[in-house]
Every structure is written in C-alpha cells, then in structure tokens.
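Naming convention: chains lettered A, B, ... in sequence-line order (proteins, then strands); numbering from 1 in each chain. Predicted model, so just to flag it, every value in this text is computed and none were measured.
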Amino acid sequence: MTTRTRRRSPLATESRWAWLFLAPTLIGLAVLSAGPIIAALGISLTKWDLLTAPRFVGLDNFGALLADKRFLISLRNTAFYVATSVPLGIALGLGLALVLNQRLRGISWIRTAYFLPVVTSTVAISLVWSWIYSPDRGPLNGVLGAIGIPAQRWISDPFWAMPSIVIMSVWQGLGTTVIIFLAGLQGIPQEYYDAASVDGAGVRARFRYVTLPLLTPSIFFTGVLALIDSFQVFDQVYVLARPGKATEATVTLVYTIYENGFQNFKMGYAAAEAWILFLIVAVLTIIYFRLQNRWVHYQ
Amino acid sequence: MIRTRADRNVAALAVGLSLILAACGGSNASPSAPAASSAASPSAEASTGGSIAPSASAYAPPAYAGPEATIEYAIWGDPTELKNQQAIVDAFHAAEPKITVKVTVSDWDTYWDKLQTGLAGGAAPDVFAMDGPLFPDYAGRDVFLDLTPYIQGEGYPLTSLNALAVKDFTTADGKQLGLPRDLNVIALFYNKDLFDKAGVPYPDDTWDWAKLIEVGKKLTIDTNKDGKIDQWGLYTETTDMENYWSSLVWQNGGDILAPDGKSIVLDQPAATGGLQHLQDLIWKDKIVPDPALFAETGDAFEQGKAAMEANGSWLVATDEAAGLKFGIAPLPKGPAGQATSVNPTGAVVSKGTKSPDAAWAFVRYLASPAAQEKIMALKASLPVNTEVLTGRFATSFDGAKVLADALGYAHLKPSFKGYNEFATALQNELDEHVFNAPDETAAEAVAKVKDQLNTILAGQ
C-alpha cells in the first residue's frame, strides 16, 4: 500500500528536472530568438524606415525582392559560398583531424595552433588576409610568383573575390571542425581497428569501413553547424570589401539585409529578406535531418 | 555611403574656447558699427544705414538662461579627435557652467547604426554630427529640431558661415535644421621632392586635363626597371564620387542629377565624359594606378609612391604626419572650366532632446570663431566661419589659401533622400566595370544602371 503514496514514476520526476535545467535555454530562445523572429515577420509586411511609423504593405516587400537584382545576386553569391565552404571545410577538417590524431611530441600545441583562428576576431583575421591578398605586395602573390604563377588581383577581381573569401573562411573555421572530428576519432574503440586488422584490413580499408562510418555522426553535426553558419556570412565580406562596399562579386544575403535595414532606411524590406533566409535555412536543415538515416551510423 | 578612411576620421572635429567668445560678445555688444567687419555679408552691408540689423561682427550670442543641463554630443572619429573634442567641450563648460556636454565617439559605420537605433528607440544623443549627403534622409523623417526659431529670435547671422555649407542643412521649405561645423574640399596635392627630382615645375592654377596627363606621364616611373611601375603620376580614390569623379563631371559641363532631383543627367555625354576621363587616366594614359593595387595598403601618395593626389583637404593632417613635403594646387581644369566638390559636416539637435535651449547654445558655439579656430588647428578640415576661413585659416599653412579659394568654384556634394542606396547601386557598376577593370565605357555603364537609379529617386 505504500506504493500508492508514490504518485510519480521515477521517469516523470526525471523529466521534471530535465525541464528545469532546460528552462534557462528555452526561455532565452523564446525571448531572444522566437520573439524577434516573429516580430521580423510582422515587420516584413510593412514599409518601415525605423524612424517614422510603419505602414502595412502586405506581401509587397517579398514581391519587390524577386525583382531586386542585388538581392538575387546576393542569393547566388551566398549559395556559392555555402556550396563551396561547407564541403571544403569538412573535407579539410577531416584530413587535418586524422593527421592530428597522432601521439606525437607537442601535438597539443599544434592542435591549439589550429584552433587559434576560431577564437580570433573575424575583423582582425580579415585585415590580415586583406594584406595576404594584396595584389602588389601580398605574400600570396609573392609565393605564387616564385613558382611562376602570374599575380592575381584576388579581392578586387570579380572571378577570384568570392573564392578568396571562401578560402579565408575555411581556414578560419577549420579549428572547430577539427576539434569535433578529433573527439569523434578518439571515441572510436581501438578494438574495432584491432578486429579489422585481424581480418586483414589495411590502412585504407580501416578508414573506409571503420573510421568513416563511425565518424558520420560527427560529420553530420559539423555539417549542420557549417550549413547554418555559412548562410549567415557577413563580417568577412564587410571587412574584406573595404574600402568601398561589397560588389556584385562579393555581396551576400546578410550583407544586403544590413545594407537595406541600416543604410537604405528599408527595415521592412530587410526583414522580408531575413525571413527568406530563415526559410531557406530551415528547409535545408529539415531535409538534411531527414536524410541522416541514410548515411549516419550511430554506434 | 562610402567615404575614405581618412574622411571617416576627419569630420569629427569642431568646437572652441568659449572664454574668447564671451570676451568678443562683451566688446561687440553695442551694435554701433554694423557691417564694419571684413567678414560682413552682403546683406549686412546693405543694412549699413545705422540700422540694428544683425551683422556677423555685431552679433553677440545671448548667455544660456535655462536650468542646469547635461547633453550628449555624438561624433564619429578617432582618439585624436575625441581628445580635441573633449578640450573644446571643457572650454564650453567653462563659459556656460550650467551646461555639461558629454562626448561619445564611434567609428564611421557604427556611428550611423547607433544613431538610427537610438533615434528609433527614443535614446538619441541631444546633439550629433551630421554628414551633408545623409542630411536629407534624416531631415525627411522629422528627427531634427527646427533651429529656425532660435536663428530668427536671436538674429543669428547665418551669413557669417560659408553659404554652401549652410545650404546643405536647409530644407527645401527654408527651415534650418542644423548648422555646419566644418567642411572639406577637393584639391590637387603634389609631392615637392618628387617634382624636384624630375625637374618638373609644380602644378598651378593654369593646369588643365591635358597638362595633368603630360606631367603625369613624366612622373610615372619604373624606377628599378623590373617592368612594374614604382612611382605613379597621380593617385586618387575611385570608390566615391566625392574623391575626384564628381569634380571631373562638373569640369566637363555635366551634372549628376537634374535640377529637380527626380532623375539623373549623369547619362548625358557631358557627364559621362568626366567619368570617362578618370577611366582613361587609369587604363589608357596609365598615370593613375589600378585601384586594386592600393585597395588594401591605402594611399599611394602618402607612401611617397605617387607624385600627385586628387583628393580632399583632410589629407593635410595625414600627409604632414607622414612627413611629406607637399604643396596644394587647384584641380586641373576641364573643358568646361574649373569645378571641385565641397562636403560639409554639420551639428544637428535631436527633436526628442529634453534640453533644446542648451543644445542650441552648444551647436551655435561649434560654429563660433573661437571654436572654428580650434578646428583649423587640426588641419583635417576647413572652418565654416568665413571670418576664420578667409582670415587666419588662409594663412595658416602653405596651400591653405588654395583650399579656401576653391570654395568659390565648388559644387556641393550631391545630397538627397535615398543618397546611400543610389550611390551604392551606381558605384558598384562603376567600380566593377569602369574603374577596376575597363570592361565598359563610362557611357555604357551609366546607361546600364540608369533605370535602376531613376527608380530609386522616384521611390523616395
């Protein structure tokens, strides 16, 4: 009969504690993310210059965006940035993690060095890279010149401008990817490798049939982070495009949001752009999650 | 909007010593000799018949009589300017002990972001610096306090300030929503050492486009014979109309907007001819470096790698700091004569200020001779007070008079609602296809963006 006094199962108690511990994050998300996202939807239906009263215009902003050349160009540039920087970042991060996953003297120093760019301000990094890319005296053209490749204009050359930004961003983000992959690699039990070796698997086969499958959760995770993050590319463009502004070759979606909202007095228009960005990222992320059953193996 | 690094640093100056002002006020308090001063305006001269009409010299600003007030004054600029501002504000406080001014400083980009959100959120500074071309965008949204009642009530002599600079802060219906604080004008800077070394006479007011090319070619030199140019004839910045190209358009008899401001006339041959001249200087005559070469490393003239530079008066301070031996000449004349560009910075009062009288007293002070002499000392911009401009400023350094005289043939930098969006669209096309790479002629490029620009103008 004493059991009657226990009105809740252990699981229910546990879930109450779970909610309690999640509360700060959930409240933060609701107030600081969900609130502004919904408010932005409201603003996107208005013509608003921030300083005078907003005027309801329905879906006009979205209609105008479809005919806005700079917006469409920024969409194209952002797509290029995502499509190149995400796979490149993952591939290089994986390769580097494999190299750094060794027992060498001073390996932790080397790992730290690769992580440094992650904790460095993007503005500082962009300024250094703008020097690296300098056509006249930049070290990049210096090195290429030494092996006989003619000097490029990099940032100011419409063809090289976006790839230059991609290269810099991949370099900067490599540390995060490497850390996640290193953790993933070290979570793979040595027994699997031993068993594979006994079965006659070489280095390649062990990578292909042990490392890679067991690393798919890490690849999946970095993929989500990189996907969402790369759609929001802004500061690299903002700094590298100075002096002057982001050109047709470099303007990205978030850059035009900033430009329209804070420089052109078109906050409603900028909010509509922000919502389009939100929808694109949300849809792609959902698709990405749906597809995970096909290739992600949890142990 | 796009401005140069230097320009961003510059415009934050202004303000002066109020003890002097108070002294002036005292001695000139009796309007016995109106219009006697050399700085008196035409209208003041017309009133010489012993009337009490205000003239520049007779005007004595009334002392602030309101309650104790603390006002915030926001500027863009760098630490040097902040230090300068603080000294000026302290002097103002000494003269008007009931008013305390707090200066807040931001870099150029942050300044505008903060200002907009501050105005939207009801937390704007009481007094803030305003860039000429951006003024209409804010004025049109009713965020400034109208200063006309103060000006009329006190008989404040607007004529004591440079007329172009005053006009930039006047609305179409004649309201004065701000006072100019300082201004910058475009001229030709030349490196005396490089001219002497080549044995070429310095530029002067007889120069025209052809002469610039002729001398520019002599001074464009591959010093070490490696096939790469080491010294350029002329350096300029192409990313904003102010630095050089608007002056070239005007010198060629063209203009940017139609007089009513509703459409562009930049597509007309006289205007595109000016733009074309700049493209030719870079890609045909090759006396100006490809803009990409110095995009990351900054001003070639300042580094001693260009014999001349067409750019703004803010360069005086930076070139002196760089230790250059330089002179200043008017821009070379174009087929339609002489022209240059002037861009004033003003001080405006937020409509929501709790202390409008104190704010006005401070704005007025910024334009006073005492404050203006302080601006002058920084050599990063010109004073707007004509008495200071034609008097002490004109003799304060070699070339100062050339800059002051340039105001006589200067055009105001275009200033209209939607300026930023307009300039971005136009400049994108010009940078990418005209200046950074000669893919298109100037006429082709402007024709391509004409409809887009006119739509932006119509949408305001």
Side-chain angles (χ1 to χ4, degrees), chain A residues 47-54 64 67-70 73 123 126-138 140-141 145 151-161 164 238-251 255-256 258-267 269, chain B residues 1-8 109 112-117 119-121 124 134 137-138 140-143 228-229 237-240 243 289-298 300 305 417-425 427-429 431-433 435-437 439 449 452 455-456 459-460:
Chain A
K47 186 176 160 79
W48 188 37
D49 60 17
L50 214 65
L51 302 177
T52 55
D68 181 342
K69 199 175 133 214
R70 194 164 168 84
I73 288 168
V123 173
S126 302
L127 286 173
V128 171
W129 277 83
S130 72
W131 167 72
I132 292 176
Y133 284 136
S134 168
D136 200 24
R137 66 189 73 182
L140 182 58
N141 273 347
Q152 301 296 326
R153 289 154 80 237
W154 304 115
I155 297 294
S156 44
D157 181 333
F159 180 80
W160 281 111
S164 303
Y238 184 80
V239 178
L240 279 183
R242 321 253 103 188
K245 301 198 156 196
T247 61
E248 259 184 38
T250 53
V251 68
Y255 192 93
T256 63
Y258 165 75
E259 203 169 58
N260 281 320
F262 288 99
Q263 297 188 322
N264 297 346
F265 297 90
K266 290 156 80 175
M267 196 49 88
Y269 197 70
Chain B
M1 72 161 312
I2 321 150
R3 300 189 30 167
T4 65
R5 283 170 300 278
D7 203 5
R8 258 176 234 144
D109 290 301
W112 300 102
D113 299 350
K114 267 170 74 177
L115 183 62
Q116 279 189 37
T117 44
L119 286 166
L134 290 181
D137 262 323
Y138 288 87
R141 293 180 167 90
D142 200 26
V143 295
K228 276 163 76 180
I229 302 296
E237 287 173 74
T238 51
T239 52
D240 190 293
N243 301 106
D290 166 0
L293 288 181
F294 291 92
E296 286 84 16
T297 47
K305 293 186 170 182
K417 229 178 151 183
Y419 171 83
N420 197 62
E421 194 179 358
F422 177 96
T424 305
Q427 197 64 50
N428 257 314
E429 182 67 26
D431 283 337
E432 204 147 329
H433 302 294
F435 301 140
N436 292 355
D439 302 341
V449 289
Q452 192 189 351
T455 310
I456 292 170
Q460 298 306 319

Is chain B contacted by the side chain of Thr52(A), its backbone, both, or neither, given a heavy-atom distance below 4.5 Å?
side chain
Nearest heavy-atom pair of Ala292(B) and Arg153(A): which atoms, and what distance?
CB-NE, 3.7 Å
Here the gap from Asn264(A) atom CG to Phe422(B) atom CZ, rounded to the nearest 0.5 Å, amounts to 13.0 Å
Given a strict heavy-atom distance threshold of 4.5 Å, which part of Asn436(B) is in contact with chain A: side chain, backbone, both, or neither?
both
Donor-acceptor pair, Glu432(B) side chain versus Thr247(A) backbone, under 3.5 Å?
no
Closest heavy-atom contact between Leu51(A) and Ala120(B)?
CD2-N, 3.9 Å
Report which part of Lys305(B) has an atom under 4.5 Å of a heavy atom belonging to chain A: side chain, backbone, both, or neither.
side chain
To the closest 0.5 Å, what do you measure between OH (Tyr138(B)) and CZ (Phe265(A))?
4.0 Å
How long is the span from the OG1 atom in Thr117(B) to the CE atom in Met267(A), to the nearest 0.5 Å?
8.5 Å
With chain A as the partner, which of Leu115(B), Leu119(B), Asp137(B) has the greatest number of non-hydrogen pairs under 4.5 Å?
Asp137(B)
With chain A, which of Glu429(B), Gln452(B), Arg141(B) has the greatest number of heavy-atom pairs at distances under 4.5 Å?
Arg141(B)
Region of Leu127(A) that comes under 4.5 Å of a non-hydrogen atom in chain B
neither
Separation between CD (Glu421(B)) and CZ (Arg70(A)), nearest 0.5 Å, reads 10.0 Å
